[in-house]
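Here the structure is laid out as structure tokens; the discussion comes afterwards.
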Amino acid sequence: MSRLVIVSNRVADPSAGPQSGGLAVAVGAALQDGNGLWFGWSGEIVENDATDRSGVNLERSGNVTVATVPLSKRDYENYYLGYANRVLWPVFHYRLDLAEFDNAALSGYKAVNQRFAKSIAALIDPDDVVWIHDYHLIPLAAELRKLGVDNRIGFFLHIPFPPPEMVSAVPEHDWLFDTLFAYDVVGFQTEQDAANFRRYAAETDDGAGPVTHPFRNSGRMTDIRSFPIGIDVDSFIEMAETTDATNRIARLVRGDVTNHVIGVERLDYSKGLPDRFRAFRRFLEMYPEERKKTVLMQIAPPTRGELAAYTEIRTELEQLSGSINGAFGDFDWTPVRYIHRSVPRETLAALFRGSKVGLVTPLRDGMNLVAKEYVAAQVPDDPGVLILSQFAGAAADLEEALIVNPYDADEVAQALSKAVTMDLGERRDRHQKLLTRVRKNDIVKWRTDFLNCLRGEAA
Ligand code: ADQ
């Protein structure tokens, strides 16, 4: 069978320890059973001129070849922080207000995609299939095609694709989204994302022709579909069932605190953390009888700390947790426990298992793997309750969660009350159905469906 070549912005050592970030987790799993190659940025930032002379670093890790390149300071600033994270991340998460359009950032984005294409073209064989991931690398296939690469190339977008009214605010949207037609397969998380892209394509197909849309008019058939990403269910259950996990749960559930509520995500404005803290405050106001019984543990490791939007949200959360603890806390009770760092996945699994409520309320999220991990980690005989934002891709499938509007603090507070008072029968029933869904759309199905489609085999 042809070799699988995965390309993503960051490459993580597949044999290394815990990684936060859904992409690293999902891609690491996708490569394990093939003799594949993983290409991307090493994470290293070098002086500006150094990238011109530095080649690709090749290493074996298990049965995967890991090929990495460094980024120059300028590329890091323009491609990564600039275009990927100051333009595409906010726009794709419906936050046009946070987008900072800038020509230097756009040039950096184009240049890094061109450089990646040159390196990859030299590494691949004619029958390799190439699977490119995420918003950092949208034009990569177009650059590869320009170099004569004719392999099957697929793209998967891990984040949402918003309606055309929003993406067409990106000044260079004509160029950017035309490059998606250089792929054989373009995959989205949900049917809604795929429909948004199809509508964008239909509404901008104004007969502008090959000058404006060279790839759309090249005659290549691009398959546009949704492939909802999932988790490795059994390995997560295994992690949640260790003795260490059991001991942690015992330490968590003690004293008067019977309602342990858990939130886990990278500290990102798309995840709705300030709104969640405000909803938790509403819960404490509306249901005083639950006060000393309830603790919200929020684990939020920092990401992209160089960007102003991220430092602002950090300050806001510290103020909010401080003010909730100041207003409601007592000698023997701290309502919000806010932990600003990454934790091992085993610990996360244990925390999920020991928590009566999983509170997953992003304002916008491609899928959200934490919701699925929370379901997998539960004790089937006495499971906790998942509260899930209607704006997470996962909500399209996980119907038996308590689905909420994360902007509506009262609604989230009511869902919290419903979750902590739900009887065992209803909890078991909801959990069983949710676990069936999480199993059905797991990580294996995701990558098998995508790769079957990419290899032109029946999906
Ligand atoms: P993320 O935005 O990173 O992923 P998510 O899907 O929830 O969001 O995945 C996060 C992963 O990192 C989970 O596996 C979680 O357990 C882990 N993690 C989170 N906090 C951690 C911590 N403190 N310590 C250790 N591990 C932690 C992007 C998109 C999502 C999409 C995924 C996969 O934004 O919408 O679901 O890619 O496609």
Side-chain angles (χ1 to χ4, degrees), residues 6 8-10 12 16-30 84-85 88-90 92-95 131-136 155-162 187-190 192-193 226-233 235-237 239-240 262-273 297-304 310 337-353 355 358-377 386 388-389 391-398 438 441-443 445-447 450:
I6 295 234
S8 61
N9 169 56
R10 268 308 289 275
Q19 291 143 6
S20 66
L23 181 90
V25 174
V27 168
N85 287 316
L88 298 182
W89 179 272
F92 282 32
H93 285 88
Y94 295 59
R95 292 297 302 269
W131 187 3
I132 295 170
H133 290 259
D134 231 359
Y135 59 103
H136 315 82
F155 177 79
F156 184 76
L157 185 69
H158 288 257
I159 64 176
F161 192 89
F188 295 93
Q189 295 275 24
T190 66
Q192 187 190 27
D193 298 317
S226 67
F227 300 88
I229 198 168
I231 61 165
D232 181 344
V233 182
S235 78
F236 209 82
I237 292 179
M239 264 193 278
I262 186 100
V264 174
E265 40 266 294
R266 294 179 302 99
L267 184 60
D268 191 291
Y269 49 81
S270 65
K271 303 290 184 183
L273 293 172
M297 179 184 279
Q298 178 63 56
I299 301 177
T303 45
R304 306 171 199 163
Y310 290 75
R337 295 173 69 189
Y338 172 42
I339 296 158
H340 187 54
R341 63 165 184 275
S342 198
V343 298
R345 285 176 65 69
E346 290 75 11
T347 309
L348 279 188
L351 288 170
F352 289 154
R353 194 171 181 86
S355 299
L359 192 51
V360 184
T361 54
L363 302 180
R364 200 55 71 172
D365 215 331
M367 178 54 61
N368 194 296
L369 295 178
V370 168
K372 299 190 174 191
E373 291 169 351
Y374 178 78
V375 169
L386 174 65
L388 180 60
S389 162
F391 302 122
D397 186 29
L398 301 185
V438 170
N441 282 320
D442 69 353
I443 185 91
K445 178 168 167 50
W446 171 71
R447 68 168 185 256
F450 191 96

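Every number for a ligand or one of its atoms is a count from 1 in the order of the listing.
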Residue portion contacting ligand 1 (non-hydrogen atoms closer than 4.0 Å) for L348: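 The answer is the side chain.
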Of all the atoms in ligand 1, which lie at a distance below 4.0 Å from a heavy atom belonging to [X]?
X	answer
R266	1 (P), 2 (O), 3 (O)
I299	23 (N)
R345	14 (O), 16 (O)
K271	1 (P), 2 (O), 8 (O)
V264	19 (C), 20 (N), 21 (C)
V370	7 (O), 15 (C)
G366	35 (O)
P301	22 (C), 23 (N)

Nitrogen or oxygen of S342 less than 3.5 angstrom from that of ligand 1: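 Between S342 and ligand 1, an N or O pair is found under 3.5 Å apart.
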Any N or O of I159 closer than 3.5 Å to N or O of ligand 1: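 In this structure, I159 places no N or O atom under 3.5 Å from an N or O of ligand 1.
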For the backbone of [Y] and the side chain of [X], can you confirm whether one donor and one acceptor N or O come within less than 3.5 Å of each other?
X	Y	answer
H340	P301	no
S270	D365	no
K372	A394	no
D134	H136	no

ring-ring contact (aromatic ring centres under 6.0 Å, His included) partners of H93, counting only residues at least two apart: W89
Listed partners of F92 passing ring-ring contact (aromatic ring centres under 6.0 Å, His included), at least two apart: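 Here the qualifying residues are F161.
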F227 and F156 aromatic ring geometry - parallel, tilted or perpendicular at 30°/60° bounds: perpendicular
Aromatic plane relationship, H158 with H133 - under 30° parallel, 30 to 60° tilted, over 60° perpendicular: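 Answer is tilted, since the angle falls between 30° and 60°.
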Identity of the nearest option to atom 38 (O) of ligand 1, non-hydrogen atoms only, from R341, M367, H158: H158
